[in-house]
Protein chains: 2
Amino acid sequence: MLSTVNHAHSAFAAVAGMKPQLSTLDEVFASVPRESLEVGEGLFWQGDRAQHVFEVTEGVLRIFKIIGDGRRVITGFLYAGDMVGLSLKDIYIYSAEAVTPVKVRRLTRKAFQDAIENAPELRPQLFALLCDEMAAAQDQMVLLSRKSAEERVCSFLMLIARRMHGAQQIGRIIQLPMSRQDMADYLGLTIETVSRTITRLISRGVITPNGRHAFDIAKPGKLLALCGDGDSYEDLCEGSLKTRQAVWPH
Amino acid sequence: MLSTVNHAHSAFAAVAGMKPQLSTLDEVFASVPRESLEVGEGLFWQGDRAQHVFEVTEGVLRIFKIIGDGRRVITGFLYAGDMVGLSLKDIYIYSAEAVTPVKVRRLTRKAFQDAIENAPELRPQLFALLCDEMAAAQDQMVLLSRKSAEERVCSFLMLIARRMHGAQQIGRIIQLPMSRQDMADYLGLTIETVSRTITRLISRGVITPNGRHAFDIAKPGKLLALCGDGDSYEDLCEGSLKTRQAVWPH
DNA sequence: CGGACTCTTGAAAACAGTCAAGGAAGGTGG
DNA sequence: CCACCTTCCTTGACTGTTTTCAAGAGTCCG
């Protein structure tokens with residue numbers, strides 16, 4: 001896979017010689033020109049030969065799979081700073097489309113692999129990224145497997161709130177660039193259930209609408225409690241957002 | 001994480017000089033003595049400091065998470081040859097328990113990382129393993145998000161059938177070492193629904209019971225069709241078990 | 001002002017969940 | 001070897017949440 005003699009290698013070496021040593025993964029993309037995608041435009045499709053790796057520099061992408069009869073499952077939303085296509089198989093195992101206008105940087109798999117090869121200090125970062133992705137996937141399995149509609153929607157709101165305001169800090173305002181249908185396909189619900197659940201959260205004063213695609217979190221404690229993770233607001237304020245402890249006899 | 005200047009590197013060079021070159025990942029574990037686990041015994045718990053990486057050499061493990069009020073989600077079953085704890089965070093993000101009597105080999109994270117560090121040809125293998133895990137996780141999200149109880153059970157039976165008889169080949173006999181409750185917690189259903197669904201598959205002649213924990217696949221084509229992936233039996237016989245193509249206009 | 005979306009709301013239906021009881025299997029001790 | 005007990009699995013009746021189907025309201029844009 002990574003093993004063949006690389007022509008690109010010399011190119012990279014030249015770059016490396018002229019530049020200070022790379023120290024973060026996204027610097028690998030620094031020299032690449034940006035490309036733009038319109039709303040709804042696809043970046044690649046499930047089943048395409050996986051030739052590139054991308055970094056999102058602006059906007060939001062949705063990652064999804066389609067099964068036989070047209071059912072769609074959104075497995076994630078990607079924001080600026082996120083990378084796509086890292087789970088390198090020969091073929092993309094999902095599709096990627098722009099939710100908002102998006103800007104990405106593109107690197108061939110080969111160029112990306114060479115860059116990693118030549119900058120060993122990036123490897124742990126890449127590895128950590130994959131592990132985070134895996135952890136997120138598992139949390140999503142928990143959500144889809146055992147959470148009620150309300151718990152799913154609340155979990156989603158918290159997820160976006162966290163993503164918008166840096167890892168630990170939770171802001172009061174949530175921007176939801178995606179449609180209700182996108183939310184439904186991410187949460188394993190129907191559009192109607194999502195809509196009804198949001199309506200109920202509003203009427204109970206947990207969140208306050210701010211247009212149709214933004215909300216204020218009126219009662220953060222309540223919202224967190226409704227996520228069904230056994231988290232309390234105090235936990236959150238103590239900044240203990242690290243992986244949850246088992247609630248199980250050791 | 002791995003970023004500090006590594007003393008380990010020189011140590012490795014020494015080892016590399018003395019040992020034949022490693023060429024597959026599980027050889028890394030070759031020299032380690034086996035440990036045994038009884039049925040139901042835990043290997044590690046969600047929240048523990050993640051100090052080891054394991055290889056299963058015999059038996060079946062279940063990997064699961066528990067949320068607040070005791071709901072359990074099984075995120076995977078591991079068979080001989082599988083590795084556990086690769087998604088290295090500082091803390092295990094899930095628990096692992098023996099479904100059957102299990103034998104494992106244990107390596108400290110550090111030893112494992114050094115081995116990888118010193119045998120660069122293993123890196124793509126490790127990477128590929130993580131990618132497979134990710135692909136499996138996404139398939140599971142599709143299952144949990146959009147499949148009916150029957151589709152879930154059939155998908156599970158096919159998964160186990162494949163696992164038992166090598167990647168491509170599908171055997172006629174399915175051994176299910178885990179309890180109905182385990183299946184339910186893996187499929188996001190209740191034990192009653194799993195039981196009823198299996199009963200219905202039997203009465204329709206799709207599968208034939210062979211004790212309570214083994215089945216014959218009487219109608220493989222039918223079973224495959226019931227998975228809800230849009231697969232047909234012909235597809236399968238052509239050996240095209242690679243990642244599914246998009247059924248979507250490009 | 002229309003027209004096309006997207007979102008919300010209502011009523012009815014369906015699927016899976018809950019509660020409850022009975023059966024099969026396996027293990028232990030007499 | 002059998003009786004007993006426990007555990008796991010199956011089955012039935014009922015409930016409830018979410019889906020489905022259908023219609024109406026809100027928003028965006030020409």
Side-chain angles (χ1 to χ4, degrees), chain A residues 38-40 62 69-74 99-101 143-157 175-204 207-215 226 228, chain B residues 38-40 62 69-74 97 99-101 143-157 174-204 207-215 226 228:
Chain A
E38 318 255 304
V39 171
R62 65 176 160 254
D69 51 354
R71 286 174 280 188
R72 185 181 74 160
V73 177
I74 294 182
V99 170
T100 66
L143 179 144
L144 295 170
S145 194
R146 290 285 179 236
K147 288 189 178 177
S148 68
E150 184 172 84
E151 288 171 334
R152 293 182 198 201
V153 170
C154 291
S155 298
F156 182 69
L157 294 176
Q175 287 284 347
L176 298 177
M178 66 291 295
S179 70
R180 296 284 191 270
Q181 185 63 63
D182 283 343
M183 291 179 55
D185 287 346
Y186 181 66
L187 297 175
L189 300 169
T190 59
I191 185 175
E192 293 95 334
T193 302
V194 170
S195 182
R196 276 188 254 268
T197 306
I198 290 178
T199 304
R200 215 169 309 129
L201 289 174
I202 292 170
S203 72
R204 281 199 273 156
I207 55 177
T208 317
N210 216 313
R212 270 210 292 209
H213 290 278
F215 297 91
L226 290 174
Chain B
E38 317 255 305
V39 172
R62 64 176 161 253
D69 51 356
R71 287 175 280 188
R72 184 181 73 159
V73 177
I74 294 181
E97 276 177 359
V99 171
T100 66
L143 181 145
L144 295 170
S145 193
R146 289 286 178 237
K147 287 188 178 178
S148 68
E150 185 174 82
E151 289 172 333
R152 293 182 198 201
V153 171
C154 291
S155 299
F156 182 69
L157 293 177
I174 313 174
Q175 287 284 347
L176 298 177
M178 66 292 293
S179 69
R180 296 286 190 267
Q181 185 63 62
D182 282 344
M183 292 180 54
D185 287 346
Y186 181 65
L187 297 174
L189 299 169
T190 59
I191 186 174
E192 293 95 333
T193 302
V194 170
S195 183
R196 274 189 256 269
T197 306
I198 289 177
T199 303
R200 217 172 307 130
L201 288 174
I202 293 170
S203 71
R204 282 199 274 159
I207 56 177
T208 316
N210 215 312
R212 270 208 291 210
H213 291 277
F215 298 91
L226 290 174

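Values below: every heavy atom of this structure, side chains too, minus hydrogens, waters and symmetry copies. A note on names: the letters A, B, ... follow the listed sequences, proteins ahead of strands, and every chain is numbered from 1. Keep in mind it's a predicted model, so treat the numbers as computed, not measured.
Residues passing the side-chain hydrogen bond (donor to acceptor under 3.5 Å, both in side chains) test with Glu150(B), sequence neighbours excluded: Arg204(B). Every residue two or more places apart in sequence or in another chain that forms a side-chain hydrogen bond (donor to acceptor under 3.5 Å, both in side chains) with Ser155(A) is listed here: Lys147(A). Legend: residues meeting salt bridge (charged side-chain N to carboxylate O under 4.0 Å, His left out) with Arg152(B), ordered by chain and number and at least two apart, are absent. Qualifying salt bridge (charged side-chain N to carboxylate O under 4.0 Å, His left out) partners for Arg200(B), counting only residues two or more places apart in sequence or in other chains: none. Residues satisfying the ring-ring contact (aromatic ring centres under 6.0 Å, His included) test with Phe215(B), not counting sequence neighbours, are none. For Thr190(B), the side-chain contact (heavy atoms from CB on, under 4.5 Å) partners at least two apart in sequence or on another chain are Glu192(B), Thr193(B). In this structure, Arg212(A) has no salt bridge (charged side-chain N to carboxylate O under 4.0 Å, His left out) partners at least two apart in sequence or on a different chain. Under the salt bridge (charged side-chain N to carboxylate O under 4.0 Å, His left out) criterion, Arg180(A) pairs with no residue, sequence neighbours left out.
For DNA chain D, the residues of residues 180-190 of chain A within the heavy-atom distance limit of 4.0 Å (strictly under) are Gly188(A), Leu189(A), Thr190(A), sorted by number.
No side-chain heavy atom of Leu226(A) sits under 4.5 Å from any side-chain heavy atom of Glu151(A). In this structure, the side chains of Arg62(B) and Met178(B) stay at 4.5 Å or more apart for every pair of heavy atoms.
The residue Thr199(A) sits close only to the backbone: its heavy atoms come under 4.0 Å of sugar-phosphate atoms, none of a base. Using a 4.0 Å heavy-atom cutoff across all strands shown, Ser179(A) reaches sugar-phosphate atoms only and no base atom.
Residue Arg200(B) contributes atom CZ, which lies 13 Å from atom C1' of dG12(D) at whole-angstrom precision. Look at CD1 on Ile198(A): it is 16 Å from C1' on dT18(D), rounded to the nearest Å. Between Met178(B) atom CE and dT7(D) atom P the separation is 22 Å, expressed in whole Å. Here dT7(D) presents its C1' atom at 9 Å from CZ of Arg212(B), a figure rounded to the nearest Å. In this structure, CD1 of Ile202(B) is placed 13 Å from P of dC9(D), rounded to the nearest angstrom. Distance CD1 (Ile191(B)) to P (dC8(D)): 9 Å, rounded to an integer number of Å.
Here Arg146(B) pairs with Asp185(A) in a salt bridge; the nearest charged N to carboxylate O distance falls below 4.0 Å.
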Candidate pair Arg72(A) and Asp182(A), rule side chain to side chain contact (heavy atoms under 4.5 Å, CB included), full reasoning
CA-CA 9 Å; Arg72(A) 185 181 74 160; Asp182(A) 283 343; 2.7 Å; yes
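The footprint of chain A on DNA chain C, defined by a heavy-atom cutoff below 4.0 Å, extends from dT6(C) to dA11(C).
Computed from C1' positions of five pairs at each end, the angle between the two local axes of the helix from dC1(C)-dG30(D) to dG30(C)-dC1(D) equals 40°, rounded to 10 degrees.
Of the candidate nucleotides dG12(D), dT19(D), dC9(D), dG12(D) has the atom nearest to the side chain of Arg196(B).
The backbone N or O of Pro177(B) lies less than 3.5 Å from no partner atom in the side chain of His213(B), so there is not a single donor-acceptor pair.
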Report, one pair per line, the protein and nucleotides 28-30 of chain D atoms (nitrogen or oxygen only) whose separation is under 3.5 Å.
none

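When all heavy atoms of Gly188(B) and Ser145(A) are compared, the closest pair comes out as CA-OG, 3.3 Å.
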